[in-house]
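Only one structure is covered here, and it is reproduced in the block below.
It should be emphasised that the depicted structure is a prediction, and the values quoted were computed from it without experimental measurement.
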Amino acid sequence: MTRGAAACIRCGLSFLGIPSVSSTPARYNFRETEAKWREVWEERQTFRAVMDRSRPKYYVLEMFPYPSGRIHMGHVRNYTQGDVIARYKRAKGFNVLHPMGWDAFGLPAENAAMQNKVHPKTWTYENIATMKAQLKSMGLSLDWSRELATCDPSYYRHQQKMFLDFWNAGLAYRREAWVNWDPVDNTVLANEQVIEGKGWRTGAPVERRKLTQWNLKITHFADELLSRLDTLDRWPEKVRLMQANWIGKSRGARVFWDLTDASGADRGKLEIFTTRPDTLYGASFMALSPEHPLTAELAAKDPGLQRFIAECRKTGTAAAEVETAEKQGYRLPLLARHPLVPGKTVVVYAANFVLMEYGTGAIFGCPGHDERDHEFATKYSLPILPVVMPKDADPKSFSVAEVPFVEDGVIVNSDFLDGLGVDDAKARVIARLEEMGVGKGTVQYRLRDWLVSRQRYWGCPIPAIHCEACGVVPVPAEHLPVVLPDDVTFDRPGNPLDHHPTWKHVACPKCGGNARRETDTFDTFIDSSWYFDRFTSPGLETAPFDRDENHYWMPVDQYIGGVEHAILHLLYSRFWTRAMREVQMTSRDEPFDGLFTQGMVCHETYRANDGTWLTPEEIGREDGKVVRVSDKSPVEVGRSEKMSKSKKNVVDPDQIIRDYGADTARWFMLSDSPPERDLEWTEAGVAGAWRFQQRLYRIATEALALMPSADAGRPETFSDAATELRRAAHKTIAGLSADIEAFHFNKAVARLYELANTIGAAAPQDDGAKWALREALEIFVRLIGPMTPHLAEELWQALGHTTLLADAAWPVADPALLVDETVTVAVQLNGKLRGTLALAKDAPKEFAERAALALPEIVRGLEGREPKRVIVVPNRIVNVVV
RNA sequence: GCCCCCGUGGCGAAAUGGUAAACGCAGGCGACUUAAAAUCGCUAAGCUGCCGGUUCGAGUCCGGCCGGGGGCACCA
């Protein structure tokens, strides 16, 4: 035991000049130690990844951050989890790639530019510098030599080239369509970026605008994106389900209806989509979207219809609005001939609830078996005819007048379909429609193409030129990159690129005439759709990546990030990989082999009596009550919620790392809560984690004093106590390895607490026990390496090693030490515990049974009765049944 | 409305269908200290949300409720 100066219990720094008065062992000085080891790792480039075909690779990636200013606790949790995997795999002998970069384009930079008069580029790069320093202070095993920022032309030039290739292959196109417009950010949004009718960033209700925009043909891969989900067996079930729901595959039929006007004159055909062709005989009306071309055509001569269309357009798409909006229809001067019933016609409406973007923008209404159609038919007094009936219902009394019947049943009132079940009827009617040439069975997806134009400055320029003579012309590859100009102003609303005096004026690459650059930029989700590929060849100028290197490192073996990207980023990345495959850049289908979605970091919320939110620093506890520090007024403690600036329940990682050290922050992040679940940040929890770091250091220091030197030979035999210690250590190796592989970090932490307790309690009496103590500590230090790397490195050195722990191999468990010689077997009577037996491991069943029946508790419980049955589960349990 | 996940001591949580609550936080008692902090030792707590089923045996599997959270949502 070493004697040291008294030290501050929080920071571990010595009170210089104050002599030590007690026998308190030296405190672990995390500040000096953590900084020291980070310097060593950096100097030796320990975590630099180099392609090496002789070794198996492992690519660990955490979702790269947006450089918003400072890192938050969510980052700390995410990157700690990734670092545990990276360091563990490294120790297991894998050639690990663990890179980091910056998702650097995006609106906050522009907003900052407008508010603080700072250029988005300056703002972004300053934030990157700050956050990089913060990440470095965490002691992550990152290969910083591969760092990239998506706002760098050396990155986005390749993105522009890929876009041109996709365009050439028909995977990118321009189209006029109704789109989602965010009125706050002044830009269009993709479907995926509208949450409950509101912009995903601003929360503003989106408006609908008809604009010509760039789209990527994600629907081209709809079926593959769906079916390949089944093969992603290292993805959370939840994420796969969400993607499947988003893609939304429906089987059904397209049916053609002949239209006539009131006089019976032919007015062409109307194509509708339905998932319920089995209910065709229940049709009582047709409904067109207000945006349907036929509606528009009729509106030209009908002011009433024009007003109706305008009215529909006003209704927002917010969930609440949609739910409460009444079904509205406008009767069109048309009749539709039923394709299966000669002579039958139904009326035709334009209706506000029919979406132009899904199916054909037109439906047939079957009010008996669809809730919406029922509501509509009731309002306009249209016939409601039952064509499906529950199996045991009475045909005379069964009615759908009040409530539609939407479940499976028996078809009625439907000619050749009568008596069939719904599924059979669907198949039969589709066959008949196809035979007659009036319809066909089809598959419909909910997924829409990815709208990628954004009317904003701080993004990757879309490499296209508009020429009056030639139309839209791609920027020639040799002119790439199209670089974002720096000299822009943010003094008025709209897109600064559009306002730029010269940038957009350019000669047409085809005819040389006056032309105009595309001033829209790409959705930043494009930037993040391939950055993991770029990490495999970060400096390459001639291509996005080198084929060989990319082939060696990809796919990402373990991807880690928030579940909020379950659809957006993860679906787009899966699409981009397929688009690259389509243009022969790769042969891969999927980018991420394993995915883990970590939970959020939460904290209690505090409210002052005036209703304002308070930060954790602003509150204190007095007499068991929570009060505001400033004036002792009472504070209302709210439930634990995700840390957010608006609720002020944030804790700054920087401060935690400064006060307690990176290892403490990491340890706390891994303790207690399963990583996929939300974690509640508590001051007491952090303090506990910190105390454990100190305790480990002390236990190790004390144990070192009791140990033989590193070169002491392994004794021939061990005492029982020594063997027990060895068992504990080796069992921990096996258990911990399994826990890390399974992302059970909280259990891994618990095992380390146990082993620490065991080592701390060891009082070796003989050489064997001393040797076992050294063995246990050597194992222990290696096991904490992935979690608290600085402390582990320090103890590794203290154990006498001259190599780095970061380069040391993972310990191997001795199988002989994983099994106990004696086991405790539970003895039950009718399933209820009555006692236990200490038996030799793998004792014969008969022996266990006899021993159990001889137990006094069992003898008493039997009361002389003969057991009916005795179930023996070796090494576990004996159940006596009477 | 549809789909998914979760309900275990005061709290966070463990538990291949086999001794429920490992491990941590908070609590209680004691030791050390002039005292406190720190540290060390000891310690209390619980019909696994409710009802039923399968089983020799259910926190775990099945069905139905109740409560909490999340995803999608006029997608025909």
> Between B:C23, B:A76, B:C56, which one does the side chain of A:R869 approach most closely?
Replying inline: B:C56
> Base, sugar-phosphate, or nothing for A:E754, non-hydrogen atoms under 4.0 angstrom?
Replying inline: sugar-phosphate
>> Within the 4.0 Å heavy-atom criterion, would you say A:D373 contacts the bases, only the backbone, or no part of the nucleic acid?
In response: nothing
> Out of B:G18, B:C56, B:C40, which nucleotide sits closest to the side chain of A:V881?
Replying inline: B:C56
> Is there a Watson-Crick or G-U wobble partner for B:C72 with both distances under 3.5 Å, and if so, which one is it?
Replying inline: B:G1
>> I need the minimum non-hydrogen distance between A:D373 and A:G365, along with the two atoms involved.
In response: OD2-CA, 3.4 Å
> So which nucleotide from B:U19, B:A76, B:A26 ends up closest to the side chain of A:T836?
Replying inline: B:U19
> Is the A:F376 ring parallel, tilted or perpendicular to the A:Y380 ring (thresholds 30°, 60°)?
Replying inline: tilted
> Across the strands shown, which category fits A:N746 at heavy-atom distances under 4.0 angstrom: base, sugar-phosphate, nothing?
Replying inline: sugar-phosphate
> Between B:C11 and A:T682, is there an OP1 or OP2 to side-chain N/O distance shorter than 4.0 Å?
Replying inline: no
> Parallel, tilted or perpendicular: which fits the ring planes of A:W690 and A:Y660, with parallel below 30° and perpendicular above 60°?
Replying inline: perpendicular
> A:K747 has a side chain; which of B:A76, B:C56, B:A14 sits nearest to it?
Replying inline: B:A14
